[in-house]
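Down below is the structure, laid out as structure tokens.
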Amino acid sequence: MSTLELRFEKADLIIFLDVNRLVCMHGVLKRQGKKRSDMPHYLEERFNIEFLKFIKGLWDFPRERKRAIISLHKAYPEKQFFVIGSRRKMNALLECWNNKKQ
């Protein structure tokens with residue numbers, strides 16, 4: 001069993017961010033070389049082989065990982081499953097959740 005399936009099995013809610021890979025690629029390249037607040041201070045992003053592997057994985061996502069996610073959704077139909085297809089919709093959802101916290 002894959003870790004993805006284990007996560008599906010344990011989840012109460014699955015949110016699938018199905019954002020266009022060109023949009024994702026643009027965001028990654030735009031952030032390249034900038035210090036991220038979620039990374040430990042001793043780590044630095046570098047344009048190296050690992051970064052290129054990440055880019056390849058991002059590019060191949062629709063062919064490789066998306067199919068697995070859709071298959072798992074069919075295998076676990078009782079799980080709440082939301083597909084968000086744009087950054088605009090994702091930001092609207094986050095804003096809605098943040099407003100409910102306040």
Side-chain angles (χ1 to χ4, degrees):
M1 179 181 290
S2 72
T3 61
L4 185 59
E5 186 167 2
L6 289 170
R7 289 179 273 164
F8 251 83
E9 194 177 84
K10 300 291 183 189
D12 296 323
L13 169 68
I14 295 105
I15 300 174
F16 176 34
L17 302 176
D18 190 17
V19 179
N20 180 294
R21 65 183 170 182
L22 292 174
V23 171
C24 293
M25 191 76 68
H26 176 262
V28 168
L29 294 173
K30 187 176 164 185
R31 291 186 304 271
Q32 173 61 24
K34 295 181 182 171
K35 189 68 177 164
R36 291 177 21 197
S37 62
D38 62 331
M39 288 182 66
H41 71 280
Y42 55 86
L43 289 180
E44 292 182 28
E45 284 192 28
R46 296 190 180 127
F47 193 86
N48 58 16
I49 192 71
E50 294 304 318
F51 180 75
L52 293 175
K53 286 179 185 177
F54 174 75
I55 292 292
K56 182 179 180 331
L58 179 63
W59 190 256
D60 292 342
F61 182 86
R63 185 172 25 96
E64 295 179 6
R65 302 288 287 175
K66 184 176 179 176
R67 289 181 189 164
I69 291 168
I70 299 304
S71 294
L72 285 169
H73 172 48
K74 290 176 182 174
Y76 294 90
E78 73 283 2
K79 301 288 183 173
Q80 287 188 322
F81 187 87
F82 292 97
V83 178
I84 297 178
S86 72
R87 288 185 185 248
R88 183 179 46 81
K89 290 179 182 176
M90 179 177 59
N91 289 333
L93 177 62
L94 291 172
E95 186 177 319
C96 179
W97 283 344
N98 285 332
N99 288 338
K100 287 186 178 188
K101 286 182 182 178
Q102 297 171 1

In a check of side chain to side chain contact (heavy atoms under 4.5 Å, CB included) between Ile84 and each of Asn91, Ile15, Val19, which one passes?
Ile15
[Y] and [X], any side-chain heavy atoms less than 4.5 Å apart:
X	Y	value
Leu22	Trp59	yes
Tyr76	Glu78	yes
Phe81	Leu72	no
Phe82	Leu93	no
Arg21	Phe61	no

Roughly how far, to the nearest 0.5 Å, is the [atom2] atom of [Y] from the [atom1] atom of [X]?
X	Y	atom1	atom2	value
Leu4	Ile14	CG	CD1	9.5 Å
Leu17	Lys89	CG	NZ	12.5 Å
Lys56	Asp60	NZ	CG	3.5 Å

Linked, directly or transitively: Ile55 and Ile49 (ILVMFWY side chains, under 4.5 Å):
no
Heavy-atom closest pair, residues Leu58 and Cys24:
CD1-CB, 3.7 Å
Smallest heavy-atom separation, Ile69 atom then Phe8 atom, equals O-CZ, 3.8 Å
Side-chain (Lys79) to main-chain (His73) donor-acceptor, under 3.5 angstrom:
no
